[in-house]
> 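One structure is given below, represented as structure tokens, and several questions about it will come after.
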Amino acid sequence: MNIKKHGSTIILAGILVILSICSLFVGVLDIKVSDLIGGDVQQWEIFFISRLPRLLAILCTGIGMSVAGLIMQQLCMNKFVSPTTGATISSAQFGILLALLYMPHSTLWGRAIFAFVTAILGTWIFVWFIQRVQFKDVVMVPLVGIMFGNVIGGITNFLAYKYEMTQALSSWLVGHFSLVLRGRYEIVYLVAPLVILAFIFANHFNIVGMGKDFSRNLGVPYNLVLFMGLSIAAMITASIVVVVGSISYIGLIVPNLVAMFKGDKIRGTLIDTALFGAIFVLVCDMIGRVVIAPYELPIELIIGILGSIVFIGLLLYRLKNGRKAVRLGKRNTDAAKITGGTAK
């Protein structure tokens, strides 16, 4: 393996391992390594019932949302499209409300099925609409998605108020990991096979991201790959929303930050994007647990503050530099050559 080529991946993986270990010992109840080694039953119960499931949910959330955002940005040819600005999260919340209304005794998996269906449909409708907009400004596309998401959110809130379901729905409106326990989070494991599937078809997503004519010239079925990629992103998002709730900005800012240094090619950036997304969510979660301990801030609040600041910076950077990427060396990536981007 070329260490220089994969240096960033190795560094991110090392940081993630260190932070993951630290996260297992951060919380209201103290867990000591000596007690675990000594076989303390209560300590091990806390570890397996709460701390370890929470860590796995955090990792799946960070990896899943980042990869979903990366896929959507590539397929939509816009760096400001994500599950947040593409109405995917709002559609998943709408599906959860429908499950609560029409199947009040449904299990978490039953609600997940509703969320999958509505998230996929909402994302498809959004992309179908922007494909018919003749002049696509870099900022207009996500604004359309935000407006479409607000329409869906308005319908969701209306139905929630009408049928007095606002309190039941509130758990999915704000993302948090405080309720993640063993037996109540395993749906997020769907992220793993979906991310692997995204990696397998990464080159196809790259080609489709070049446009319909380019895809046809290379023999790639444009519509099939497009809808498959959007479906993968929507299912990843829905599986996370069902367990954790709404978490914004991850799928928007993480792929952009990684692309600034690694380029736009999915296969070359997917692993780094997944690792950096997991690190970002893990750090925000630890901040939320520590800043007002023994109480805990919802991770959506921490990510919302940091994400909004980074988003404004990315907006100004992209408007000024377009698709130009920051390079750590003189080596040009394949993505820069394909897209015509410049490397410095």
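Because the structure is a prediction, the values reported are computed rather than measured.
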> Any luck finding a side-chain donor-acceptor pair between Thr123 and Thr88 under 3.5 Å?
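The criterion, which ignores hydrogens and geometry beyond distance, is satisfied for Thr88 and Thr123.
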
> Just say parallel, tilted or perpendicular for the rings of Phe205 and Phe201, cut-offs at 30° and 60°.
tilted

> Between Phe116 and Ser239, is any pair of side-chain heavy atoms under 4.5 Å apart?
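Yes - at least one pair of side-chain heavy atoms lies under 4.5 Å apart.
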
> Answer yes or no: is there a side-chain heavy-atom contact under 4.5 Å between Val127 and Met72?
no

> Please find the pair of heavy atoms, one from Leu75 and one from Leu230, that lie closest to each other, and give the distance.
CD1-N, 3.7 Å

> If you round to the nearest 0.5 Å, how far is CD1 of Ile250 from OG of Ser82?
10.0 Å

> For the CG atom of Leu282 and the CD1 atom of Ile15, what is their distance to the nearest 0.5 Å?
11.5 Å

> Find the distance between CD1 (Ile305) and CD1 (Ile287) and round it off to the nearest 0.5 Å.
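With rounding to 0.5 Å, CD1 (Ile305) is 9.5 Å from CD1 (Ile287).
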
> If you measure from CD1 on Ile232 to CD1 on Ile196, what distance do you get to the nearest 0.5 Å?
11.5 Å

> Under the criterion side chain to side chain contact (heavy atoms under 4.5 Å, CB included), I'd like the reasoning laid out for Ser231 against Trp124: C-alpha separation, chi angles, the key distance, then a yes or no.
CA-CA 8 Å; Ser231 299; Trp124 283 355; 3.2 Å; yes

> Check whether Ser50 reaches the backbone of Ile46 with its side chain - one donor and one acceptor, N or O, closer than 3.5 Å.
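It does not hold such a pair.
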
> Cluster question for you: counting only ILVMFWY and a side-chain heavy-atom cut-off of under 4.5 Å, with indirect links fine, are Leu19 and Val290 together?
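Same cluster.
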
> How about Ser215 and Met210: do any of their side-chain heavy atoms sit closer than 4.5 Å?
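Sidechains of Met210 and Ser215: no contact.
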
> Please determine whether residues Ile120 and Leu224 belong to a single hydrophobic cluster, defined as Ile, Leu, Val, Met, Phe, Trp and Tyr linked transitively by side-chain heavy-atom distances below 4.5 Å.
no

> Could you walk me through whether Ile96 and Val241 pass the side chain to side chain contact (heavy atoms under 4.5 Å, CB included) check?
CA-CA 9 Å; Ile96 293 173; Val241 171; 3.9 Å; yes

> Enter the distance from Thr156:OG1 to Met165:CE here, rounded to the nearest 0.5 Å.
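Spacing of OG1 (Thr156) from CE (Met165) equals 12.0 Å.
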
> Counting heavy atoms not belonging to Tyr163, are there more than 12 under 6.0 Å from its OH?
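Open: at most 12 neighbouring heavy atoms sit under 6.0 Å from OH of Tyr163.
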
> Kindly give the heavy-atom pair with the smallest separation between Ile130 and Val144, and that separation in Å.
CG2-CG1, 4.4 Å

> Does the side chain to side chain contact (heavy atoms under 4.5 Å, CB included) test come out yes or no for Leu194 and Ile236, once each step is laid out?
CA-CA 7 Å; Leu194 291 172; Ile236 289 174; 3.6 Å; yes

> Are any non-hydrogen side-chain atoms of Phe276 and Leu16 less than 4.5 angstrom apart?
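Not touching, per the 4.5 Å side-chain cut-off.
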
> Once the angle between the rings of Phe126 and Phe148 is folded into 0 to 90°, is it parallel (under 30°), tilted (30 to 60°) or perpendicular (over 60°)?
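Phe126 and Phe148: parallel rings.
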
> Same cluster or not: are Ile21 and Leu52 linked, directly or through other Ile, Leu, Val, Met, Phe, Trp or Tyr residues, by side-chain heavy atoms under 4.5 angstrom apart?
yes

> For the residue pair Pro53 and Phe47, what are the closest heavy atoms and their distance?
CD-O, 4.0 Å

> What residue among Asn256, Ile63, Val254 forms side-chain contact (heavy atoms from CB on, under 4.5 Å) with Thr273?
Val254

> With clusters defined by side-chain heavy atoms of hydrophobic residues (ILVMFWY) lying less than 4.5 Å apart, directly or transitively, does Val244 cluster with Ile113?
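Looking at the clustering, Val244 is in a separate group from Ile113.
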
> Work out which heavy atom in Gly122 is nearest to a heavy atom in Ser91; give both atom names and the distance.
CA-OG, 3.4 Å

> Can you list everything that forms a side-chain hydrogen bond (donor to acceptor under 3.5 Å, both in side chains) with Thr61? Sequence neighbours excluded, please.
none

> Only one of Leu70, Ile89, Ile303 passes side-chain contact (heavy atoms from CB on, under 4.5 Å) with Met65; say which it is.
Ile89

> Any side-chain donor paired with an acceptor under 3.5 Å for Arg289 and Ser23?
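A donor-acceptor contact under 3.5 Å links the two side chains.
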
> Rounded to the nearest 0.5 Å, how far apart are CE of Met147 and CD1 of Ile152?
13.0 Å

> So, for Pro83 and Ala68, which heavy atoms are closest and what is the spacing to 0.1 Å?
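It is CG-CB, 4.0 Å.
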
> Near Phe48 CZ, under 6.0 Å, is it more than 12 heavy atoms from other residues, nucleotides or ligands?
yes

> Step by step, would you call Tyr249 with Thr84 a side chain to side chain contact (heavy atoms under 4.5 Å, CB included)?
CA-CA 7 Å; Tyr249 289 113; Thr84 306; 5.8 Å; no

> Do Ile253 and Phe280 have side chains that get closer than 4.5 Å, going by heavy atoms?
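Sidechains of Phe280 and Ile253: in contact.
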
> Verify the neighbour count for atom CZ of Phe25: are there more than 12 heavy atoms of other residues, nucleotides or ligands below 6.0 Å?
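Yes - once you tally the heavy atoms of other residues, nucleotides and ligands closer than 6.0 Å, there are more than 12.
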
> Do Glu300 and Ser248 pair up side chain to side chain, a donor and an acceptor below 3.5 Å, judged on atom types alone?
yes

> Taking side-chain contact (heavy atoms from CB on, under 4.5 Å) as the criterion, tell me which of Asn78, Ile146, Leu143, Val141 meets it with Thr85.
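Option passing the side-chain contact (heavy atoms from CB on, under 4.5 Å) with Thr85: Ile146.
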
> Transitively linked via ILVMFWY side-chain contacts under 4.5 Å: Ile18 with Ile271?
no

> Taking the side chain from Gln73 and the backbone from Gly251, do they hold a donor-acceptor pair closer than 3.5 Å?
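Yes; judged by distance alone, with no hydrogens or angles, the pair exists.
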
> Taking all atoms of both residues into account, what is the closest heavy-atom pair of Val281 and Gly62, and its distance?
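It is CG2-CA, 3.5 Å.
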
